[in-house]
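Start at 1 with the first residue, then count along the sequence. Quick caveat: nothing in here was measured; it's all calculated off a predicted structure.
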Amino acid sequence: MRCAPRYAPGDDYHDERVRAAFVMAPALAQAFDRGSLARIAIPVSMVVGDNDDQAPAKTNAAWMAAQMQHAKLRQIRNGTHYMFIAQCTPSGQAQQRQICTDPSGLSRAQVHRDSVAQAVAFFDAALSP
């Protein structure tokens, strides 16, 4: 019987196939080893809502970005944690109000368009020869 590998703070998880990363609403940032984050040498673009009550930007995305050498963070005004998931159906609206309801003035469809444009521009720049 094989046991799962054990991971320890400071272990190297570098994968040379990954040359850039686009991250939306990262959570559980404090679970990451600060030194491990500091060794991330690829470009990282993060986008998060400034009104995220599930993974507040200050203690998650902003904290992570501050640990990394090449990370850039964009905060969406009045944005929430769930704004990146698909538009909800009426049934979804009725059953999952927290996930499906956006603050007044926030267009989930526009957030999606803007985030896709940001990701495309980021990867075009980061991965260009």
Side-chain angles (χ1 to χ4, degrees):
M1 175 162 129
R2 287 187 68 183
C3 293
R6 298 205 184 262
Y7 300 104
D11 283 356
D12 185 0
Y13 302 106
H14 175 257
D15 184 334
E16 63 189 41
R17 298 170 297 178
V18 178
R19 297 176 24 224
F22 186 81
V23 182
M24 297 180 292
L28 303 172
Q30 307 305 317
F32 290 89
D33 178 66
R34 186 181 298 227
S36 188
L37 291 171
R39 287 190 299 277
I40 294 174
I42 62 171
V44 177
S45 180
M46 292 186 192
V47 61
V48 64
D50 69 359
N51 195 27
D52 186 334
D53 64 348
Q54 301 298 306
K58 182 179 179 180
T59 55
N60 288 280
W63 182 84
M64 290 177 82
Q67 310 312 310
M68 296 181 207
Q69 303 171 44
H70 306 287
K72 294 201 178 358
L73 175 65
R74 179 175 148 249
Q75 293 191 40
I76 297 174
R77 183 171 144 73
N78 211 22
T80 65
H81 189 70
Y82 298 109
M83 68 186 166
F84 298 108
I85 65 172
Q87 295 282 115
C88 293
T89 64
S91 176
Q93 282 280 357
Q95 295 177 37
Q96 297 295 326
R97 187 165 293 279
Q98 179 185 11
I99 292 172
C100 295
T101 303
D102 297 317
S104 178
L106 182 75
S107 164
R108 191 174 291 209
Q110 188 62 50
V111 166
H112 292 181
R113 286 189 294 274
D114 292 348
S115 297
V116 167
Q118 179 184 346
V120 169
F122 167 71
F123 284 120
D124 281 349
L127 302 177
S128 65

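- In this structure, Val44 and Phe22 have side chains that are not in contact, with every pair of non-hydrogen atoms separated by 4.5 Å or more.
- Gln118 and Asp114 share no side-chain donor-acceptor pair at under 3.5 Å.
- Residues Gln69 and Ala38 approach most closely at NE2-O, 2.9 Å, considering heavy atoms.
- In this structure, Leu28 places its CG atom where only 12 or fewer heavy-atom neighbours from other residues, nucleotides or ligands lie under 6.0 Å away.
- Residues Arg39 and Leu37 form no side-chain contact, since every pair of their non-hydrogen atoms from C-beta on lies 4.5 Å or further apart.
- The shortest side-chain heavy-atom distance between Gln93 and Thr101 falls under the 4.5 Å cut-off.
- Without hydrogens or angle criteria, Arg108 side chain to Ala86 main chain gives a donor-acceptor distance under 3.5 Å.
- A 4.5 Å side-chain heavy-atom check between Arg74 and Ser45 finds every atom pair outside the cut-off.
- Val18 and Met46 fall within a single hydrophobic cluster, where Ile, Leu, Val, Met, Phe, Trp and Tyr side chains are chained together by heavy-atom contacts under 4.5 Å.
- Looking only at atom types and distance, the side chain of Gln95 has a donor-acceptor partner in the side chain of Ser91 under 3.5 Å away.
- The two atoms that bring Ala125 and Ser128 nearest to each other are O-OG, 3.3 Å, heavy atoms only.
- Gln30 contributes a side-chain N or O that, together with a main-chain N or O of Thr59, makes up a donor-acceptor pair within less than 3.5 Å.
- Using modelled atom types, one side-chain atom of His112 and one backbone atom of Met83 make a donor-acceptor pair closer than 3.5 Å.
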Test side-chain contact (heavy atoms from CB on, under 4.5 Å) applied to Gln98 and Tyr82, step by step: CA-CA 8 Å; Gln98 179 185 11; Tyr82 298 109; 4.1 Å; yes
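- Taking 4.5 Å as the limit, some side-chain heavy atom of Phe32 sits within range of a side-chain heavy atom of Met64.
- If you chain together hydrophobic residues whose side chains sit under 4.5 Å apart, Ile42 and Met68 fall into the same group.
- Of all heavy-atom pairs between Pro26 and Asn60, the closest is O-CB, 3.4 Å.
- Using a 4.5 Å heavy-atom threshold, the side chains of Thr80 and Pro103 count as touching.
- Under the 3.5 Å distance criterion, the side-chain polar atoms of Asp50 are matched with a main-chain donor or acceptor of Asn78.
- Side-chain contact between Leu106 and Val111: present, with at least one pair of heavy atoms (C-beta onward) separated by less than 4.5 Å.
- The shortest heavy-atom contact between Gly92 and Cys100 is O-SG, 3.4 Å.
- In this structure, CZ on Arg34 lies 12.5 Å from OG on Ser36, to the nearest 0.5 angstrom.
- At a threshold of 4.5 Å between non-hydrogen side-chain atoms, the residues Val48 and Ile76 do not count as touching.
- Summarising the geometry, atom NZ belonging to Lys72 is positioned 9.0 Å from atom CZ belonging to Phe122; distances are rounded to the nearest 0.5 Å.
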